[in-house]
Amino acid sequence: KTKMLKKVPHILITTPESLAIILTSRRFKDFLRQARWVIIDEVHALADNKRGVYLSLSLERLELLTNNNFIRVGLSATVAPLEEVAKFLVGANRNCKIADVQFIKKMDLKVLSPVPDLVNVTQKELHDSLYDLIDKLVQEHRTTLIFTNTRSATERVVHHLKEKFPGNYTENIGAHHGSLSKGLRHNLEERLKKGLLKVVVCSTSLELGIDIGYIDLVILLGSPKSV
């Protein structure tokens, strides 16, 4: 805080708790009189708890400090219901504009079985049919993610695909799970983003951000257990 008093920031990134402390500081709160925008990111995480109440009180104090001269902006990718959270954001007896910008993509979801009858089949027939189906789907798409339920299954799928279809899978396939080193996981993620991999087999360790790259097929092997 002392450093910021010497060189006042143009943009202050803070928390509800720190904002409340700043508003009690005689020297620092004077700089907030010129505040014109307050952006509350992930507003849904504050709308239904004590931290949100704390923030609401601080925003009302800031209203008095700035003579009602700042604009509140709430951001969230998962908020619902919009109207109720908007009321929380702006406070009682105030109007606001709601921008409902949804990018809901069309989803093609199928449940596939590698054999017509899962009961009256040998383990070898099931194994061969499963990997024939996986290879067919992978080859029909540009980039595929295959999710498994365990780390051992991840390594097993990569091994069987390489062994059964050596001409299709060489350097264009990779495994991603928590037992691998951070360096190996990061390298695979970078290759995936650059489009160098045809298929990635992974457990739950793969964290997908907005810059993951182009993926047009996701396969989940077996039951997801939970969603």
Side-chain angles (χ1 to χ4, degrees), residues 1 4-5 7-25 28-110 141-145 147 186 189-190 192-195 200 202 204-220 224 226-227:
K1 191 171 73 172
M4 286 193 288
L5 285 172
K7 190 176 181 180
V8 182
H10 176 59
I11 299 173
L12 175 64
I13 302 174
T14 186
T15 63
E17 294 79 10
S18 294
L19 177 61
I21 293 172
I22 289 171
L23 286 167
T24 62
S25 170
F28 202 100
K29 72 177 184 180
D30 288 337
F31 296 119
L32 294 179
R33 295 183 189 278
Q34 303 304 316
R36 293 296 175 263
W37 297 86
V38 174
I39 300 174
I40 303 167
D41 194 20
E42 305 292 2
V43 65
H44 65 273
L46 296 167
D48 65 345
N49 53 51
K50 291 180 180 179
R51 294 188 74 213
V53 175
Y54 204 32
L55 177 62
S56 294
L57 292 172
S58 294
L59 290 176
E60 293 305 315
R61 292 171 63 192
L62 189 60
E63 284 278 359
L64 294 173
L65 196 63
T66 62
N67 292 319
N68 303 322
N69 200 23
F70 74 88
I71 296 173
R72 308 181 192 201
V73 178
L75 303 176
S76 173
T78 58
V79 65
L82 287 173
E83 292 76 12
E84 290 302 313
V85 177
K87 291 177 183 178
F88 156 77
L89 174 67
V90 300
N93 302 318
R94 296 192 185 105
N95 296 320
C96 70
K97 292 183 178 180
I98 298 175
D100 185 0
V101 185
Q102 296 190 34
F103 295 96
I104 300 176
K105 297 180 180 180
K106 292 183 178 180
M107 182 182 297
D108 179 13
L109 180 64
K110 296 179 181 178
H141 294 81
R142 177 176 164 184
T143 307
T144 300
L145 292 183
F147 281 95
H186 180 73
E189 290 165 6
E190 288 301 314
L192 176 61
K193 291 175 186 177
K194 293 176 182 178
V200 173
C202 49
T204 56
S205 60
L206 186 60
E207 297 182 9
L208 310 182
I210 60 174
D211 59 344
I212 188 171
Y214 183 87
I215 294 169
D216 56 347
L217 177 67
V218 177
I219 298 174
L220 172 61
S226 63
V227 177

_On a heavy-atom basis, which atom in K29 and which in L65 lie closest, and how many Å separate them?_
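Where K29 meets L65 most closely, the heavy atoms are O-CD2, 3.2 Å.
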Any [X] side-chain heavy atom under 4.5 Å of [Y] side chain:
X: L75; Y: E42; result: no
X: F147; Y: V218; result: yes
X: T143; Y: L217; result: no
X: N67; Y: R33; result: no
X: V85; Y: L82; result: no
X: V53; Y: L46; result: no
X: T144; Y: I215; result: no

**Message:** Do the side chains of R72 and E63 get close enough for a salt bridge, i.e. N-O under 4.0 angstrom?
**Reply:**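 Looking at R72 and E63, the cut-off is met.
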Exercise. Please round to the nearest 0.5 Å and tell me the distance separating atom CD of E189 and atom SG of C202.
Key: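 If I round to the nearest 0.5 Å, the distance is 10.0 Å.
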_Crowding at CD1, I98 (>12 non-hydrogen neighbours, <6.0 Å)_ =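 Correct, the count exceeds 12.
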Within the distance-only criterion (no hydrogens, no angle test), does the side chain of T66 pair as donor or acceptor with the backbone N or O of L62 below 3.5 angstrom?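 Yes.
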- Query: Which residues satisfy the side chain to side chain contact (heavy atoms under 4.5 Å, CB included) test with V90, sequence neighbours excluded?
  - Reply: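 Testing V90 for side chain to side chain contact (heavy atoms under 4.5 Å, CB included), a comparison that skips the adjacent residues, returns R94, C96.
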Under the side chain to side chain donor-acceptor pair (under 3.5 Å) rule, collect the residues that match up with T24, sequence neighbours excluded.
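T24 satisfies side chain to side chain donor-acceptor pair (under 3.5 Å) with no residue once adjacent residues are dropped.
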